[in-house]
Amino acid sequence: MKIFTSAQIHELDNYTIEHEPIKSIDLMERAAKALMHAITKRWMPTMPVVVFAGPGNNGGDALAVARLLTEQGFQVQTFLFNINGHLSADCAENKRRLLETKKAKNLFTEVTQEFDPPQLESGMLVVDGLFGSGLNKPLNGGFASLVKYINSSKAEVVSIDMPSGLMTEDNTYNVRQNIIRATLTLTLGQKKLSMLFAENQPFIGELQVLDIGLSREGIEKTDSQYTMLERDEVKPLLLKRDPFAHKGTMGSALLIAGSYGMAGAAILATEACLRSGAGKVTTYSPRKNVAVLQTAVPEAVLHIGNEETTFAEAIDTEDFQAVGIGPGLGTSEQTAIAIIAQVRRTQCPLVCDADAINILSSHRAWLQQLPKEIILTPHPKEFDRLEGHSADSFERLSKARDLAQRISAYVILKGHRTALCCPDGHIVFNTTGNAGMATGGSGDVLTGILTGLLARGHSRKSACIVGMYLHGLAGDIAAAEVGEESLIARDIIRCLPKAFGALSAK
């Protein structure tokens, strides 16, 4: 599923109008009917409604919704803000249509100068149609005051397309107290980029995407820098297992993980790698981790380091098809030197996670020595240590994309909507996963999955896409079984077989 910028959304509306063909006012009516149906499914006509409409097309949508709700028996008080004496053509037409409805006309106010706000109380519904996806600067003045007034009330709020004040992409320098805090956001066509960021969720509330029949041809023709993964895109990437396969043909993976006291990270990554289809998994860990590793994952081969407690010496990787490095290694200078030596001599696909990334943060010149198409899997704090503090998720995502392009890497920026930043600048958002996965060891599991898929024969991009989707899907299955509060990393591994099964099912 593509995610479009505000400019592309406007172009797609125009493409639909020109090629369906359909008049813009009729497309707006189609959207208004979808909005009305969503509202009437949730709220009864006994709920008093106050509609705030802006002067643009978002306001036109709101006026049409006010008319349709009135026809459904709702009592709707409507305020149209026409401060500059100019309405969009479709907003003006929907004003005319609304005023033709006698009941709505009696409850209609056009605000041109002074505004006496209505009393907003618990048990009332506000329809926010002030500004939609076309907003490109923070709200100020009277509109900012109105937003604060709405937010201070106990009324429920449904926002049309976007909560007014929230921009579709970059809100880094937005004034957050001047953004509507919606109970429900009914967005039109597709999700917008800013809806995927954690800090914007308090404004969006519950989110529903309404299909308003935008041109499929136009959507297919419009290139997008951002996409959201769908099952039908991931399923074809799964590799079929040859009936005559043996462990020697299914790929050999190496995991360099665990220091003394952090053997758990090595165990989780190793078991996840085994569960991801690799024929043979070797784990390189210090001597003091041997007993616990052999007990916990007897299927793995152990390569025992010379040091008792830390990773301190790079090893040859000629016999491996993939290497994962970082979980639980620690950040001592001895380990740092061993890690960069290991990275330099590794010729096969390489996944860097956790302490490997933290070490790169302390030795940024080493970034230029990373092999092309390396896979980096930072969580937000690890990424900020690597590339500097980010004010918000959009800035962090932009930096991750720039890093991926600059060093020709695949950067998996982990989070509620994990984002894969590709070397060509394209960004893919994962759609699986849940808050229960915010638990220690979850990232180690992802490293194991990615390394296993690479060893199995996936390309780097395919491994990233399939890996993050399976990781989240296994987490979703686990959450359904044990609940988000009780979910631990081992539950994700335990549910990996079910995730493979669900993804491969017809």
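This is a predicted model, so every value here is computed, not measured.
Checking K235 against S504 by side-chain atom types alone, no donor-acceptor pair falls below 3.5 Å. In summary, the side chains of N57 and S88 do present a donor paired with an acceptor at a separation below 3.5 Å, with no hydrogens or angles considered. Residues T112 and N82 bring no donor and acceptor atom of their side chains to less than 3.5 Å of each other.
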Show every donor-acceptor pair shorter than 3.5 Å between a side-chain atom in residues 441-451 and any protein atom, with sequence neighbours excluded, or say none if there are none.
from: S442; atom 1: OG; to: M437; atom 2: O; distance (Å): 3.3
from: S442; atom 1: OG; to: H471; atom 2: NE2; distance (Å): 3.4
from: T447; atom 1: OG1; to: D353; atom 2: OD2; distance (Å): 2.8
from: T447; atom 1: OG1; to: G443; atom 2: O; distance (Å): 3.2
from: T451; atom 1: OG1; to: T447; atom 2: O; distance (Å): 2.8

Side chains of residues 482-493: which donor-acceptor pairs under 3.5 Å do they make with residues two or more places apart or in other chains?
from: D491; atom 1: OD1; to: R494; atom 2: NH2; distance (Å): 3.2
from: D491; atom 1: OD2; to: I488; atom 2: N; distance (Å): 2.9

Give the table of side-chain donor-acceptor pairs shorter than 3.5 Å for residues 195-202, with sequence neighbours excluded, one pair per line with atom names and distance.
from: E199; atom 1: OE1; to: S393; atom 2: OG; distance (Å): 2.7
from: E199; atom 1: OE2; to: S393; atom 2: N; distance (Å): 2.7
from: E199; atom 1: OE2; to: S393; atom 2: OG; distance (Å): 3.3
from: N200; atom 1: OD1; to: R176; atom 2: NH2; distance (Å): 3.1
from: N200; atom 1: ND2; to: S194; atom 2: O; distance (Å): 2.8
from: Q201; atom 1: NE2; to: M195; atom 2: O; distance (Å): 2.9
from: Q201; atom 1: NE2; to: F197; atom 2: O; distance (Å): 2.8

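In this structure, the side chain of D61 does not engage the main chain of I160 through any donor-acceptor pair within 3.5 Å. No donor-acceptor pair closer than 3.5 Å links the side chain of K414 to the backbone N or O of I412. Under the 3.5 Å distance criterion, the side-chain polar atoms of E220 are left unmatched by any main-chain donor or acceptor of E217. Listed for the E156 side chain is no donor-acceptor partner under 3.5 Å among the backbone atoms of G123. K461 contributes no side-chain N or O that, together with a main-chain N or O of Y410, makes up a donor-acceptor pair within less than 3.5 Å. For D355 (side chain) and N358 (main-chain N/O), no donor-acceptor pair under 3.5 Å exists by modelled atom type. In this structure, T431 contributes its side chain and L229 its backbone to a donor-acceptor pair below 3.5 Å. Side-chain N or O atoms of T16 include none that pairs as donor or acceptor with a backbone N or O of L214 at under 3.5 Å. Side-chain atoms of K2 come within 3.5 Å of backbone atoms of T222 as a donor-acceptor pair (strictly under, hydrogens ignored). Side-chain atoms of K191 never come within 3.5 Å of backbone atoms of I3 as a donor-acceptor pair (strictly under, hydrogens ignored).
Counting heavy atoms from C-beta outward, L403 and F383 have side chains that approach closer than 4.5 Å.
In terms of the salt bridge (Lys or Arg N to Asp or Glu O under 4.0 Å) criterion, residue partners of R42 (sequence neighbours excluded) are, by chain and number, E206. E100 meets the salt bridge (Lys or Arg N to Asp or Glu O under 4.0 Å) test with R96; sequence neighbours excluded.
In this structure, OG1 in T172 is found 3.5 Å from CG in D392, a value given to the nearest 0.5 Å. Rounded to the nearest 0.5 angstrom, D170 CG and S398 OG are separated by 7.0 Å. Separation of atoms CH2 (W43) and CG (L184) is listed at 5.0 Å; rounding is to 0.5 Å. To the nearest 0.5 Å, atom CZ of residue R460 and atom CG of residue L453 are 13.5 Å apart.
Applying the salt bridge (Lys or Arg N to Asp or Glu O under 4.0 Å) definition to pairs two or more places apart or across chains, those involving residues 16-41 are E20-R30, E29-R67, E29-R97.
When ring centroids are compared, F79 and F115 come within the 6.0 Å threshold.
Of the charged side-chain nitrogens involved, none lies within less than 4.0 Å of a carboxylate oxygen, so that D384 and K399 do not count as a salt-bridged pair.
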